[in-house]
Amino acid sequence: MLSEKLLAKLNEQITHEFYSAHYYLAMAAYFKKEDLDGFANFFIVQAEEERFHAMKFFNFIYDQGEEAVITGFKDPRRDFKSAEEIFTLALEHEQLVSSLINDLMAIALEEKHYPSISFLQWFIDEQVEEEATMGKLLNQVKRVGEEGHGILMLDRELAARSFTPEGE
Ligand code: FEO
């Protein structure tokens, strides 16, 4: 049994996660346009991960005997100018998501709702990974710059990423 407050916040998180998928797909579209297919692949895989996150919330709500409420969201931004800008925005976005997950955990702890605490712990750990990945790639993009051999090497590396359900 979930409190009204916790249920509402868990439902909101479904929307945040699907929005994240859309946001990352918009970033993938920028890289497609730039013929950087490896970077595009990275964000397409990231979008898949976000949909997987959304569905974890969706399923958890039903496992708790409640109902999910599916709502819409705003258009994601798509006026990107560079890889550095994109990774800066992606890192900021993950930091925002981390704060949302932390807020959810704070409610679960306050309510001593142990199933939610256990469920949310996976997301707390996942966010550490997500922030670290975006931060590392931002630094690498800054180091190699937007033109030349370095960015193409990085592009080749990112082409190898594939979706693994537990976000490895
Ligand atoms: Fe679902 Fe990237 O956080």
Side-chain angles (χ1 to χ4, degrees), residues 2 5-32 36 38-64 66 68-78 80 82-109 113 115-142 154 157-168:
L2 292 164
K5 184 178 172 185
L6 195 47
L7 176 60
K9 285 283 172 197
L10 288 165
N11 263 315
E12 278 174 27
Q13 196 61 32
I14 296 176
T15 306
H16 290 308
E17 299 290 346
F18 276 124
Y19 174 76
S20 301
H22 245 52
Y23 195 25
Y24 291 141
L25 201 54
M27 292 177 181
Y30 167 85
F31 286 116
K32 275 284 193 193
L36 289 168
F39 281 91
N41 175 63
F42 172 86
F43 279 104
I44 287 167
V45 170
Q46 192 63 34
E48 280 184 73
E49 279 200 10
E50 299 304 346
R51 286 184 216 105
F52 173 73
H53 294 170
M55 291 310 296
K56 272 179 95 87
F57 281 98
F58 179 90
N59 289 324
F60 179 70
I61 288 170
Y62 283 97
D63 287 347
Q64 288 293 304
E66 303 287 351
V69 178
I70 306 303
T71 58
F73 45 74
K74 62 182 180 177
D75 288 349
R77 168 176 175 175
R78 51 177 183 264
F80 307 115
S82 66
E84 182 176 335
E85 182 190 31
I86 284 185
F87 281 101
T88 302
L89 290 168
L91 176 59
E92 284 171 8
H93 186 68
E94 287 303 333
Q95 289 164 341
L96 169 72
V97 173
S98 296
S99 73
L100 294 167
I101 299 288
N102 291 345
D103 289 349
L104 266 167
M105 181 62 108
I107 299 169
L109 287 168
H113 194 267
S116 292
I117 293 167
S118 173
F119 171 73
L120 289 165
Q121 187 59 51
W122 185 90
F123 283 94
I124 299 274
D125 298 339
E126 175 71 1
Q127 284 310 119
V128 173
E129 292 280 322
E130 300 261 275
E131 285 190 41
T133 301
M134 294 304 180
K136 189 172 103 179
L137 285 168
L138 173 59
N139 286 337
Q140 289 181 351
V141 164
K142 277 184 184 165
L154 204 46
E157 207 180 292
L158 293 176
R161 189 188 192 206
S162 60
F163 176 62
T164 51
E166 293 302 313
E168 297 302 317

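Remember, it's 1-based here, ligands and their atoms both numbered in the order they're listed. By convention here, the first residue in the shown sequence is residue 1.
- Residue side and main chain included, His53 places an N/O/S atom under 2.8 Å of atom 1 (Fe) of ligand 1.
- For atom 1 (Fe) of ligand 1, the set of nearby N, O or S atoms under 2.8 Å includes one belonging to Glu17.
- A centroid separation of less than 6.0 Å is found between the aromatic rings of Phe87 and Phe43.
- Geometry about atom 2 (Fe) of ligand 1 gives an angle of 100° between OE2 of Glu50 and OE2 of Glu94, rounded in steps of 10 degrees.
- Distances from atom 2 (Fe) of ligand 1 show that Glu130 has an N/O/S atom below 2.8 Å.
- Of the options Phe163, Trp122, Tyr19, a ring-ring contact (aromatic ring centres under 6.0 Å, His included) to His53 is made by Trp122 and by none of the others.
- A salt bridge links Arg161 and Glu49; the closest N-O separation between the charged side-chain nitrogens and carboxylate oxygens is under 4.0 Å.
- Salt bridge status for Glu48 with Arg51: absent, with no side-chain N to carboxylate O gap under 4.0 Å.
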